[in-house]
Amino acid sequence: MQTFEETGINPQIIKAVSELGFEKPTPIQELTIPYLLEKKKDLVALAQTGTGKTAAFGLPILNQINPESGKTQALILSPTRELCVQISNDIKNYSKYLKNIRIATIYGGASAEKQIAELNKGCQIAVGTPGRVLDLIKRKKLKINNIDFLVLDEADEMLDMGFKDELDAVLASAPEEKQTLLFSATMPPEISKIARKYMRDFDEISAGEKNTGAENVNHQYYLSKAKDRFKVLKRILDSHPDIYGIVFCRTRRDTKEVADRLIENGYNAEALHGDLSQAQRDFVMNRFRRKHLQILVATDVAARGLDVNDLTHVINYNIPEDPKTYIHRSGRTGRAGKSGTSISLIHSRELSGLKNIEKKLGKKIKRKAVPSGREICEKQLFSLIDKIEKTEVDEAQIEPFMPIIYKKLSWLNREDLIKHFVSAEFNRFLSYYKDAPDLNIYEEPDNTDKQSKKRRGKESGFTRFFINIGSKKKLSPAKLIGLINDFTGMRDIDVGKIDIMKTFAFFEVDGRYEDDILRAFKGVKYKGINVSAEISKEKKKTGKRTSGRKKSKRKSGRKKRNQNNNFA
Ligand code: AMP
């Protein structure tokens with residue numbers, strides 16, 4: 001099946017979904033739509049959040065609803081208020097061009113009276129949380145004796161949230177003759193039990209590995225000391241100026257603390273956890289959905305109802321104990337065809353937990369090096385320059401102020417003016433990351449990214465670099481060490497032998513920092529010439545590392561005597 005048209009779904013529904021930008025069915029829709037249109041058998045569908053589940057059951061159900069009857073024909077159970085509202089809104093959007101379709105949304109934590117009024121008007125589809133649905137069934141406000149479809153959405157979550165008794169009771173009061181559809185990301189034994197108990201001879205389908213959520217997610221981890229976790233988080237946020245993501249914490253206390261510290265440090269962040277009232281949670285979620293908030297710090301439970309599709313990142317401030325939780329968290333990014341990144345901050349003792357997650361995930365989680373101060377400054381600077389470049393200028397509004405501004409700044413030439421503007425924005429980063437230490441730790445496992453592997457591999461020696469400046473440009477060993485410090489933004493790279501010639505020089509650095517040096521010396525200038533540093537062809541490694549910079553300097557001082565020999 002390539003298109004929605006081929007499914008035979010009502011053109012009015014197809015018109016509505018194309019307006020939502022759905023061009024072709026997602027893998028789970030390819031499987032469920034023809035099935036639900038043709039068969040009456042119960043169905044268990046394994047699918048992650050974000051794979052297009054709502055339309056997978058919503059479209060075929062809508063197609064079979066009788067708008068002439070006001071009776072409730074489909075009941076959809078979902079774990080949280082937010083998911084119910086989301087599902088309800090989605091189905092309202094799909095049925096935009098259908099006449100007389102009414103959908104009631106019933107969930108706990110809000111007045112039942114309004115919901116009862118909605119039910120009294122008659123609705124063909126009811127979407128609700130198990131507790132409130134059961135309550136309204138008992139109060140005879142919601143009648144499910146005529147339903148043709150019963151959907152259990154995110155069934156595993158409903159069980160995790162403690163809705164087992166309510167689910168049992170609702171399922172027991174539903175009529176025999178109906179089609180039950182159970183959607184779940186995983187298939188724990190309790191779900192199989194529910195399926196066996198309440199579903200007749202059912203089929204099982206899975207969108208498997210193909211789901212877009214899993215495919216488009218990049219999995220990464222950063223290894224540091226536990227005490228540096230918050231600093232690492234800041235570096236990651238600083239090196240992604242346009243991040244729009246969720247930082248997951250294990251406890252409410254952590255959530256509050258991390259959010260408070262981020263806010264104190266000037267980040268556009270807010271906490272979402274169970275200690276907040278429903279109104280406060282709604283407020284925070286709405287701000288986040290509207291992108292007025294860039295970073296949401298949340299517990300798993302509180303974030304459950306949040307359905308946002310274009311997160312750039314999910315950050316695990318701590319890795320969860322249960323790999324299933326990791327999979328759920330990371331499935332919140334990389335949705336609807338977009339790519340996303342799931343980042344875990346870990347220390348050495350959490351490496352085995354990470355391995356476990358990799359096994360369940362069926363994917364490697366790549367190690368990334370914690371960005372250096374210099375790398376972050378570079379990213380921020382480019383982002384700032386980009387923003388300045390793209391800023392729209394309202395000539396008419398700004399014109400009256402310009403003469404006085406030009407006059408005030410007339411003493412600055414073009415270059416200085418640019419420096420002043422950039423510094424006004426950027427000084428806080430420069431001073432924060434001046435002398436910023438390396439937060440990586442290096443004693444780590446085999447699943448590292450190339451960069452970290454290289455660093456480890458080079459542990460035993462120095463790498464020799466060629467650089468295209470020499471004594472003619474007044475380069476001295478001390479000056480060269482200064483350049484290495486400044487360009488890399490690191491203070492603790494061991495420097496070995498330095499050989500300075502008239503127009504070029506050679507220097508050795510701790511081999512673990514090869515890439516940092518190459519990157520740092522790219523596109524930089526020294527006394528008006530473009531500096532280029534490359535690994536020396538006659539790469540020479542001293543067997544042992546010198547113990548420190550002072551020693552290196554002494555060595556380089558000694559250098560002059562035999563520098564010619566080195567180039568013989
Ligand atoms: P869901 O799993 O239902 O929460 O859907 C995840 C996101 O994918 C939602 O934003 C849907 O609007 C979007 N979506 C669902 N089906 C399609 C489709 N066939 N093409 C493009 N986007 C879709």
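First listed ligand is number 1; within each ligand, the first listed atom is number 1. All residue numbers in this chain count up from 1 along the given sequence.
Close approach of ligand 1 to T26 is summarised as follows: ligand atoms under 4.0 Å from at least one heavy atom of the residue are 16 (N), 17 (C), 18 (C), 19 (N).
Taking every heavy atom of both residues into account, V297 and T255 meet most closely at O-CG2, 3.2 Å. Closest non-hydrogen pair, E118 versus A104, comes out as OE2-CA, 3.4 Å.
Taking the six-membered ring for Trp and the full ring otherwise, the centers of H219 and Y326 sit less than 6.0 Å from each other.
Counted by atom type alone, D203 and Y35 present one or more donor-acceptor pairs between their side chains at under 3.5 Å.
Of the polar atoms of D90, none of the N or O atoms is found under 3.5 Å from an N or O of ligand 1, judged by distance alone. For A55, no nitrogen or oxygen atom sits less than 3.5 Å from a nitrogen or oxygen atom of ligand 1, counting backbone and side chain alike.
Of all the heavy atoms of F4, the ones lying under 4.0 Å from any atom of ligand 1 belong exclusively to the side chain.
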Can you give the donor-acceptor pairs under 3.5 Å from side chains of residues 381-392 to other protein atoms, not counting sequence neighbours?
residue, atom, partner, partner atom, Å
D386, OD2, K390, NZ, 2.9
T391, OG1, K387, O, 2.6

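Between K24 and ligand 1 there is a heavy-atom distance shorter than 4.0 Å.
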